[in-house]
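Quick notes on the structure that follows.
Since this is a predicted model, take the numbers as computed values, not measurements.
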Amino acid sequence: MLVDGLAVNEVAHALHLSGRTVESHVAHILHKLALGDSAELIGYAVRHGLIDEGGEGVV
């Protein structure tokens with residue numbers, strides 16, 4: 001959803017979670033992958049074939 005351009009609060013609303021919960025999950029993922037921000041996370045996902053660079057969302 002972040003790849004599709006949704007903000008954290010929009011992701012939270014779509015998943016029926018609090019914004020803080022989504023932020024926490026993103027922060028944990030960034031930490032585990034040693035990435036600095038969501039842009040790096042998106043780049044990681046593209047490089048590892050987790051998303052289609054030209055399309056939307058998860059492959």
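Summarising the geometry, atom CG belonging to Leu50 is positioned 12.0 Å from atom CD1 belonging to Ile42; distances are rounded to the nearest 0.5 Å. Atom CG of Leu35 is separated from atom OH of Tyr44 by 7.5 Å, given to the nearest 0.5 angstrom.
Judged purely by atom type and a 3.5 angstrom limit, His28 uses its side chain to pair as donor or acceptor with the backbone of Ser24. No donor-acceptor pair closer than 3.5 Å links the side chain of Glu10 to the backbone N or O of Leu6.
Taking every heavy atom of both residues into account, Gly36 and Leu30 meet most closely at O-CD1, 4.4 Å. The shortest non-hydrogen separation linking Gly19 to Val8 is O-CG1, 3.6 Å.
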